[in-house]
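First the structure, in the form of structure tokens, and then the observations on it.
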There are 2 protein chains.
Amino acid sequence: MSPRIGLSKQKVLEAAINIADDEGIEKVTMATIAKKLNIKPPSLYNHISSLSALKTEMALVGIQQLYSSMKANMEGISGDERVIALSKGYLNFARNHPGLYESTLAAPNAQDKEIYEAANKIVQLAVQTIKHYNFTKEEELHVVRGLRSLLHGFSSLEKANGFGIPIKLNHSFDYIMTTYLKGMKR
Amino acid sequence: MSPRIGLSKQKVLEAAINIADDEGIEKVTMATIAKKLNIKPPSLYNHISSLSALKTEMALVGIQQLYSSMKANMEGISGDERVIALSKGYLNFARNHPGLYESTLAAPNAQDKEIYEAANKIVQLAVQTIKHYNFTKEEELHVVRGLRSLLHGFSSLEKANGFGIPIKLNHSFDYIMTTYLKGMKR
DNA sequence: TGCCAAAACTAATACCATTAGTTATTGTTA
DNA sequence: TAACAATAACTAATGGTATTAGTTTTGGCA
């Protein structure tokens with residue numbers, strides 16, 4: 001009556017991520033995940049401990065993939081172009097994985113150690129990318145915070161249709177990055 | 001048995017806003033609002049049509065107050081300082097009204113006409129603030145989008161503890177704004 | 001004073017996450 | 001191969017959510 005499917009924590013996580021990206025993070029419920037996997041909601045508890053734990057896992061995967069997207073986009077590029085490449089890697093990830101991206105910030109458990117470390121890798125990647133400007137440690141902190149504000153703000157507003165008519169968004173992004181980079185020079 | 005309280009749509013809205021700012025927007029439910037007003041949840045439907053309609057109203061109020069906060073902070077200031085003042089007005093509002101600020105973006109009904117117009121007033125305020133730079137219309141669009149990205153990104157990351165240890169946040173904000181302003185100059 | 005509309009109520013529906021307890025399946029071991 | 005143990009599915013139930021329907025109470029006005 002209930003033939004076992006080859007289910008695992010991984011498969012559940014993947015299903016949740018697909019729902020988040022395709023239908024929005026608010027559609028990620030035990031019911032929708034179970035339906036996608038052809039099981040009843042309580043059966044999910046054989047693989048995950050709770051919906052909120054699953055969302056924490058989503059956040060972790062999201063942060064790791066965000067890192068990969070940034071890093072892959074930067075390979076073999078240097079100087080200002082490297083900062084631009086990192087930024088486009090960020091934006092591309094946010095655009096291609098809207099639900100997963102959103103989950104990285106709506107993290108229910110922000111003080112999770114794994115999440116902290118994964119997020120820190122991104123910060124370190126950004127720090128490393130601006131090393132050739134020779135900022136002081138404190139200036140580095142400010143500059144990276146600004147970069148992240150710009151990237152998250154743009155991604156977030158774009159997704160929420162916050163810019164009104166979605167015209168010339170790529171052009172705006174390039175202009176904004178150029179503006180910020182210019183301001184970074186002393 | 002049920003003496004009438006002087007309830008109104010306004011009072012319901014105020015209760016919801018207080019819950020959002022004090023306990024977080026996710027705590028804004030028919031149950032919590034009703035409890036705060038000493039009535040049963042279904043009685044709320046005598047004043048509002050649904051929770052989602054109420055949240056749309058919250059978004060509108062939030063955007064209007066955000067506008068006021070920015071405008072009030074700018075009064076009598078000109079030049080670069082005026083852009084800084086507008087920005088601090090934005091940040092102050094986001095900090096002082098975290099729940100209401102969040103509701104402005106999590107707007108369930110983004111194509112609401114009133115909301116669009118209120119949001120447009122903010123954009124126009126920003127456009128007017130950078131008029132003395134003599135940008136082209138298109139440059140204005142990009143610059144204002146960048147400013148909004150910076151402001152929303154910073155506010156949002158700060159609230160989500162996205163910056164890690166919350167050290168020197170005001171200093172970072174000033175540094176970032178200075179950086180962006182410097183980049184705006186040609 | 002009596003009536004009516006507004007605003008409260010209770011009860012019910014349909015969703016949600018989660019837990020407890022049960023059954024079925026699968027892999028391992030005697 | 002037969003039996004057992006662990007795993008993973010199930011059903012049923014609990015308490016939470018928003019919402020609707022139908023009922024009662026209240027307070028102001030004719």
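Being a predicted model, the structure only gives us computed values, none of them experimental.
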Next on the checklist: Using OP1 and OP2 only, check whether a side-chain N or O of Ser43(A) sits under 4.0 Å from dA8(D).
Outcome noted: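 So the side-chain polar atoms of Ser43(A) never come under 4.0 Å of the phosphate oxygens OP1 or OP2 of dA8(D).
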When the distance from [atom1] of [X] to [atom2] of [N] is rounded to whole Å, what number comes out?
{"X": "Leu44(B)", "N": "dA21(D)", "atom1": "CG", "atom2": "P", "value": "17 Å"}
{"X": "His47(A)", "N": "dA6(D)", "atom1": "NE2", "atom2": "C1'", "value": "14 Å"}
{"X": "Lys11(A)", "N": "dA9(D)", "atom1": "NZ", "atom2": "P", "value": "11 Å"}
{"X": "Ile48(B)", "N": "dT20(D)", "atom1": "CD1", "atom2": "C1'", "value": "14 Å"}
{"X": "Tyr45(A)", "N": "dT11(D)", "atom1": "OH", "atom2": "P", "value": "16 Å"}
{"X": "Leu37(B)", "N": "dA7(C)", "atom1": "CG", "atom2": "P", "value": "14 Å"}
{"X": "Ile39(A)", "N": "dA8(D)", "atom1": "CD1", "atom2": "C1'", "value": "9 Å"}
{"X": "Glu26(B)", "N": "dA18(D)", "atom1": "CD", "atom2": "P", "value": "13 Å"}

Next on the checklist: For a quick check, tell me whether the side chain of Asn46(B) and the base of dA6(C) share a donor-acceptor pair closer than 3.5 Å.
Outcome noted: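 No.
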Next on the checklist: Can you tell me which nucleotide in dA9(D), dT17(D), dA20(C) comes closest to the side chain of Pro42(A)?
Outcome noted: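 Within the option list, the nearest is dA20(C).
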Checklist entry - Looking at the side chain of Met30(B), which of dC16(C), dA18(D), dT18(C) is the nearest nucleotide? => result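 Among the listed nucleotides, the one closest to the side chain of Met30(B) is dA18(D).
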Checklist entry - In this structure, are over 12 heavy atoms from other groups packed under 6.0 Å from Lys182(A) atom NZ? => result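 Check passes, neighbour count above 12.
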Item to check | Residue pair Leu86(A), Met177(A): steps toward the side chain to side chain contact (heavy atoms under 4.5 Å, CB included) verdict | outcome: CA-CA 11 Å; Leu86(A) 168 136; Met177(A) 289 312 303; over 6 Å; no
Next on the checklist: Both Ser49(A) and Thr32(A) contact DNA chain C. Taking the nearest nucleotide for each, which residue is further toward the 5' end?
Outcome noted: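 Final value for this comparison: Thr32(A).
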Next on the checklist: If we ignore hydrogens and angles and just use 3.5 Å, is the side chain of Tyr90(A) paired with the main-chain N or O of Ser69(A) as donor and acceptor?
Outcome noted: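 Flag not set: sc Tyr90(A) to bb Ser69(A) has no pair under 3.5 Å.
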Next on the checklist: side chain to side chain contact (heavy atoms under 4.5 Å, CB included) for His152(A) and Ser156(B)? Distances and angles first, verdict last.
Outcome noted: CA-CA 8 Å; His152(A) 171 58; Ser156(B) 174; 3.1 Å; yes
